[in-house]
Structure formats: C-alpha cells, structure tokens
Amino acid sequence: MAPGLFKCIECNEDANELHRDYSNGILKITICSSCKKPVDKYIEYDPVIVLIDATLCKIQAFRHILFNTEINIHWKLCVFCLLCEAYLRWSLLQGSQPSNDPADIIRYTKEWEFYCMFALAALELAVFCTGVLFILWTVQRCCGSSLELTPLLKALLLSSYGKVLLIPAVIWEHDFSPLCFSLIRLFVLTSNSQAIRVILNCSRRLSLLAVCGGLLLETWVAQALKTLQVCSQDYLSML
C-alpha cells in the first residue's frame, strides 16, 4: 500500500506507515502523532481476533480492514453471499412444495428457480447499494464536498459478510427461523452503517439515514416485483 494511505484506527488521522522494520526482524509499531496511540494494533493480532472485533462492529476493526489492509475479495464475497441468499430463498420455495420422492432432490438442483432467486437477490442488492450511494452523494453534494463511490461500494460489499450466516440458519432449521433471518438482516445493516461511518468519517445519523433509505428502496422494488409476478400469473391463468 502506498505511503500516506494508512489511517490511525483510533482517531482516523493519516499515517505514513504502520510499523518500522529494524534489523534482525525487529518490528516497532508506529505511534500516531495525534492521539499518541498505536496507529494499528491489529497488525499484531490474529485474524480471528480481528474478525471477532469486526463482528462486534468495533470501528477500530473496520478501519483496520478498510484502510490498512489490501483486501480485494469484495466481489468474490458478494457473489458468495448472493449464493447463500439465493439458496435460502430457493429452499423456502421448495419447502412450500413437499415431496417424498428422493429423485426430486436431484431434479430440484436442475431447476431454474435457483437462478431466478440469485438474479432477484442480485437485483435487490444493486438497488440497496444504489439507494445508499445516491443518498450519500446527495448529502455530500449539498455540503459542497465530493464523494468517491468506489471505496464506499467496496465497504458495503465487505460489510455484508453477515449473509453467510444464512446457510447455517437454513441447515439448523427450527420454528423460530424467521427471527434468526431478521436478526441476520439487522446485523448486516448495522455492519453497513458502521462501514459507511468509517469511510466517510461521518455521524451515525447520516449512515443510518443512508442505510434506511437504501432498505426502503430495496423493499419497494421487492414488493413491486412480487405484485408484478402475481399479476402475470393471474393473467396467464385467465388465458
């Protein structure tokens, strides 16, 4: 990573380096000139600890991941999360059509419903991200400042990692599955809000406004698609 692109995870000030490499493999963590704390303590931590702190939505962990590491797996993570969500929707769809024939399991894997669910999940994610970015762009434009969309989009995709929890929620199916799905959705939205705060260094109110706006737009589009699907099915039944 180029010099000057690091951030102090405590005060968000710019830093030229995270550590200094002396002879014989001796490393010394850089101290922030502003807050007098280590610029990034997580460079000495195990990745599991970093992941736990990110799961707890600690802003220091988000700054470490988004600013001080070279993680470029956001598109792969996005596709994997979409597959998880598509599988959830597909399993619920197949669950509403019970069958005792083992051959149906193989037949279901070849059906196009799964690909339709994947396309639907991708469309809703695109609508959500578009709504969030549009709200933030509008607010920043009104304040007379510019907005870089690429880091924000990367942060939104990386902070949606909580959707991976949909898979164990489906595997360990139980009576309160809808509650688990709602909690997972709330966790993902909370992570999205924290990621926006880290990238823009803005208030919690603005990040929540952007996330809620994107969620409302996504919900409206999803309801419109469902209404369109019902209308088309009614029209075909009348033919």
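Taking all atoms of both residues into account, the shortest heavy-atom contact from R63 to C11 is NH1-N, 4.1 Å. Across every non-hydrogen atom of C32 and E13, the tightest pair is SG-CB, 4.3 Å. Closest of all the heavy-atom pairs between F67 and F6 is O-CD2, 4.5 Å. In this structure, L147 and Q140 approach most closely via the heavy-atom pair CD1-CG, 4.1 Å. Residues F114 and W90 share a closest heavy-atom pair of N-CD1, 3.4 Å. Summarising the geometry of A222 relative to E124, their closest heavy-atom pair is CB-OE2, 3.4 Å, with the distance given to 0.1 Å.
Between the side chain of K154 and the main chain of I71, a donor-acceptor pair closer than 3.5 Å is present. Side chain of D40 to backbone of C8: no donor-acceptor contact under 3.5 angstrom is found.
Summarising the geometry, atom CZ belonging to R20 is positioned 11.5 Å from atom CD1 belonging to I31; distances are rounded to the nearest 0.5 Å. To the nearest 0.5 Å, the span separating CD on E218 from CG on L123 amounts to 9.0 Å. Rounding to the nearest 0.5 Å gives a distance of 7.5 Å between CG of N12 and CD1 of I59. Here L157 contributes atom CG and C129 contributes atom SG; the two are 5.5 Å apart, rounded to the nearest 0.5 Å. Atom CZ of F134 is separated from atom CG of L149 by 12.0 Å, given to the nearest 0.5 angstrom. Atom CG of L156 sits about 11.0 Å away from atom OG of S191, to the nearest 0.5 Å.
No continuous path of ILVMFWY side-chain contacts below 4.5 Å connects L186 to L158, so the two sit in separate hydrophobic clusters. W75 and L83 fall within a single hydrophobic cluster, where Ile, Leu, Val, Met, Phe, Trp and Tyr are joined by side-chain heavy atoms under 4.5 Å apart, directly or via other members. Hydrophobic clustering (ILVMFWY, side-chain heavy atoms < 4.5 Å, transitive): I52 and F187 are in distinct clusters. No continuous path of ILVMFWY side-chain contacts below 4.5 Å connects L51 to L66, so the two sit in separate hydrophobic clusters. L189 and V127 fall into different hydrophobic clusters, where Ile, Leu, Val, Met, Phe, Trp and Tyr side chains are chained together by heavy-atom contacts under 4.5 Å.
Partners of F80 by side chain to side chain contact (heavy atoms under 4.5 Å, CB included), not counting sequence neighbours, listed by chain and number: C84, V164. In this view, E85 and R89, K163 satisfy the salt bridge (Lys or Arg N to Asp or Glu O under 4.0 Å) rule, not counting sequence neighbours.
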The test is side chain to side chain contact (heavy atoms under 4.5 Å, CB included); show your working for I29 and V39 and say whether it passes.
CA-CA 7 Å; I29 297 180; V39 172; 5.6 Å; no
Apply side chain to side chain contact (heavy atoms under 4.5 Å, CB included) to L120 and L225, showing your working.
CA-CA 9 Å; L120 181 61; L225 290 175; 3.4 Å; yes
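Using a 4.0 Å cut-off between a side-chain N of Lys or Arg and a carboxylate O of Asp or Glu, K41 and E44 do not qualify as a salt bridge.
Tested against F128 for a side chain to side chain contact (heavy atoms under 4.5 Å, CB included), the candidates N192, L133, L217 yield a single pass: N192.
For Y115 and F118, the gap between ring centers reaches or exceeds 6.0 Å.
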May I have the list of side-chain donor-acceptor pairs in residues 198-216 shorter than 3.5 Å, sequence neighbours left out?
| residue | atom | partner | partner atom | Å |
| --- | --- | --- | --- | --- |
| S203 | OG | L206 | N | 3.4 |
| S207 | OG | S193 | OG | 2.9 |
| S207 | OG | R204 | O | 2.8 |

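A donor-acceptor pair shorter than 3.5 Å can be found between the side chains of Q194 and R197.
Ring planes of H64 and Y42: tilted class, angle from 30 to 60°.
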